[in-house]
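These figures come from a predicted structure and were not determined experimentally. Hydrogens, waters and symmetry mates play no part in the numbers below; they use all other heavy atoms, side chains included. Below, chain A is the first sequence line, B the second, and so on; all start at residue 1.
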Protein chains: 2
Amino acid sequence: MPLPQTEMPGRLQAYFSERGIRMTQQRRAILRVMETASKHLDAAQLLRKAKKLDPQVDRSTVYRTLRLLKRQGLIDELDLMHLNGEKHYYERKLNRDHIHMACLRCGKIMEFVSDVFDALKGEVERDCRFHIVVSRLEIGGYCAACSK
Amino acid sequence: MPLPQTEMPGRLQAYFSERGIRMTQQRRAILRVMETASKHLDAAQLLRKAKKLDPQVDRSTVYRTLRLLKRQGLIDELDLMHLNGEKHYYERKLNRDHIHMACLRCGKIMEFVSDVFDALKGEVERDCRFHIVVSRLEIGGYCAACSK
DNA sequence: TTGCTAGTTGCAATTCAGTCGCATCTGTAT
DNA sequence: ATACAGATGCGACTGAATTGCAACTAGCAA
């Protein structure tokens with residue numbers, strides 16, 4: 001069974017060339033990190049990992065590339081309930097939107113996919129005649145283990 | 001018909017005294033602004049308005065009071081899709097959670113209350129055994145007028 | 001009323017994420 | 001190979017938010 005397209009390695013780079021967006025050494029490194037990251041990198045972590053692939057990568061290039069990826073709708077920006085300061089976290093946008101839950105006690109981040117969430121977005125589009133481009137549902141609280 | 005408790009003027013101050021939280025001149029000014037604000041103040045706006053009631057109010061007191069209000073679950077923190085920079089916005093937590101929609105073109109902020117949203121949170125609590133303390137759904141896109 | 005003290009405040013310095021201007025460099029179309 | 005639009009690195013900068021500390025004060029107890 002093939003992976004969904006958006007999970008294929010190299011998908012971000014492919015997107016760039018399809019759209020005629022210039023591919024540079026630095027972007028290659030940054031995209032590779034985004035593609036292979038397990039989850040939720042902040043800009044500083046992304047910079048550190050990208051530097052390992054290409055020591056030339058600069059902080060401002062990371063931010064500029066993140067802005068580009070956001071504008072292309074290829075990544076989502078999260079703040080994970082500001083559990084660790086004001087910085088933002090990034091993850092590849094996959095096929096299906098999901099909810100993020102952050103445990104206020106242990107700091108664990110959980111994800112949850114739900115038809116009800118999709119239905120809610122449909123309701124907003126219909127009832128409010130609002131065309132959704134990006135949505136973010138973040139929940140803070142206590143996970144099963146920490147609730148006891 | 002009486003207003004719901006959380007919309008009664010003085011409710012925040014009442015909460016403070018009930019909990020034995022010390023009431024100061026400065027806090028009184030800040031709480032009054034939060035209570036009477038129509039919507040979505042950022043910290044700088046809140047400071048400006050509070051200074052009009054009590055010129056003594058300092059920026060750090062505003063931030064410290066906001067932190068206190070957040071911890072008490074009396075206000076919600078939003079970023080409104082970063083339409084205007086990285087600052088945060090605050091609003092009193094009312095009886096019913098609502099969704100925030102931000103138009104990426106005209107900047108209008110809309111709110112939407114939905115049973116489906118409540119159902120979704122119920123689903124998260126049940127299926128993930130996650131005890132929700134705070135939740136935030138922010139949507140970016142195009143409003144009816146700007147979609148045309 | 002007075003005095004006590006834990007909690008609060010103002011201030012200035014600081015942190016920290018993110019942005020910008022500009023000279024230089026490079027990917028890509030020709 | 002060449003040209004040039006677009007991308008980069010660097011350091012300075014911005015703006016939101018935090019902090020350390022001395023001075024102040026709300027609220028309580030006597």
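Contact annotation: B:Arg27 reaches the phosphate of C:dT8 (side-chain N/O to OP1 or OP2, under 4.0 Å). OP1 or OP2 of C:dG18 sits under 4.0 Å from a side-chain N or O of A:His88. Distances shorter than 4.0 Å separate some side-chain N or O of B:Gln26 from OP1 or OP2 on C:dG10.
Nucleotide D:dA17 holds its C1' atom 5 Å from the OH atom of B:Tyr63, rounded to whole Å.
Residue A:Arg64 is classed as a base contact, given a heavy-atom separation below 4.0 Å to a base. As judged by a 4.0 angstrom heavy-atom cut-off over every strand, B:Gln56 is placed among residues touching the sugar-phosphate backbone only.
Counting only Watson-Crick and G-U wobble pairs whose two key distances fall under 3.5 Å, DNA chain D forms stems of three or more stacked pairs at C:1-30 with D:1-30.
Using a 30° and 60° split on the angle between ring planes, B:His100 and B:His40 fall in the perpendicular class, above 60°.
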Worked verdict on A:Gln72 versus A:Tyr15 for side-chain hydrogen bond (donor to acceptor under 3.5 Å, both in side chains): CA-CA 10 Å; A:Gln72 297 291 327; A:Tyr15 181 97; 2.9 Å; yes

Stepwise side-chain hydrogen bond (donor to acceptor under 3.5 Å, both in side chains) test for B:Thr36 and B:Arg32: CA-CA 6 Å; B:Thr36 59; B:Arg32 178 163 290 280; over 6 Å; no

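A salt bridge links A:Arg136 with A:Asp79: the closest approach of a Lys/Arg side-chain nitrogen to an acidic carboxylate oxygen falls below 4.0 angstrom.
Across residues 42-51 of chain A, not one residue has a non-hydrogen atom less than 4.0 Å from an atom of DNA chain D.
Remark: the backbone N or O of B:Ile99 is not paired with any side-chain donor or acceptor of B:Glu111 at under 3.5 angstrom.
Set against C:dA13, C:dG10, C:dA17, the side chain of B:Arg59 has C:dA13 as its closest nucleotide. The side chain of B:Ser60 lies closest to D:dT19 when the candidates are C:dG18, D:dG11, D:dT19. The side chain of A:Arg22 lies closest to C:dT28 when the candidates are C:dT9, C:dT28, D:dA16. In this structure, of C:dT28, C:dT9, D:dG27, it is C:dT9 that holds the atom nearest to the side chain of B:Thr24.
Comparing B:Ile21 and B:Glu77, the nucleotide of DNA chain D nearest to each residue sits closer to the 5' end for B:Glu77.
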